[in-house]
Amino acid sequence: MFHLPVYSKWVWDNVISRLLVGVMPGQWIIFSNDAQHAMSSTSGRDRPVAAVMEFFNQAWVSLGTPEVWVGVVAGVVMIVAAVWIRRWSEAS
């Protein structure tokens, strides 16, 4: 029906969906293939404690991904820019 460019799926997956779902806690598991595989290998019905422990383990593992640190740096840059712009506008 729609003939979108090839990179539109990448834009949807990495930009738009992260903006929409980014406010939800634990959203990192949606975008991480490794976390999804680890969670699917641990059955929640058979071993619920193991499934919860795997979820928390994957939460700590997600802190080692470059996407998290790029987001942290981007957030810090935006906060610093907002503070600088606010001070600059009040001074003039």
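Note that the structure is a prediction, hence the values are computed from the model and not measured. All residue numbers in this chain count up from 1 along the given sequence.
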Do W60 and V72 share a hydrophobic cluster, counting only Ile, Leu, Val, Met, Phe, Trp and Tyr and linking them when any side-chain heavy atoms are less than 4.5 Å apart?
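Same hydrophobic cluster.
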
Please go through V77's hydrophobic cluster and name the other residues, only I, L, V, M, F, W, Y counting, with side-chain heavy atoms under 4.5 Å joining them.
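Traced through the cluster, V77 reaches V73.
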
Could you work out the complete set of other residues in the hydrophobic cluster of M78, with links drawn between I, L, V, M, F, W and Y side chains under 4.5 Å apart?
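The other cluster members (ILVMFWY side chains, heavy atoms under 4.5 Å, direct or chained): none.
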
Tell me if a side-chain donor or acceptor on W69 pairs with a main-chain N or O of L63 at a distance below 3.5 Å.
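Checking the backbone N and O of L63 against the side chain of W69, a donor-acceptor pair under 3.5 Å is found.
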
Would you please name every residue forming a side-chain contact (heavy atoms from CB on, under 4.5 Å) with I85, sequence neighbours left out?
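By the side-chain contact (heavy atoms from CB on, under 4.5 Å) rule, I85 matches no residue at all.
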
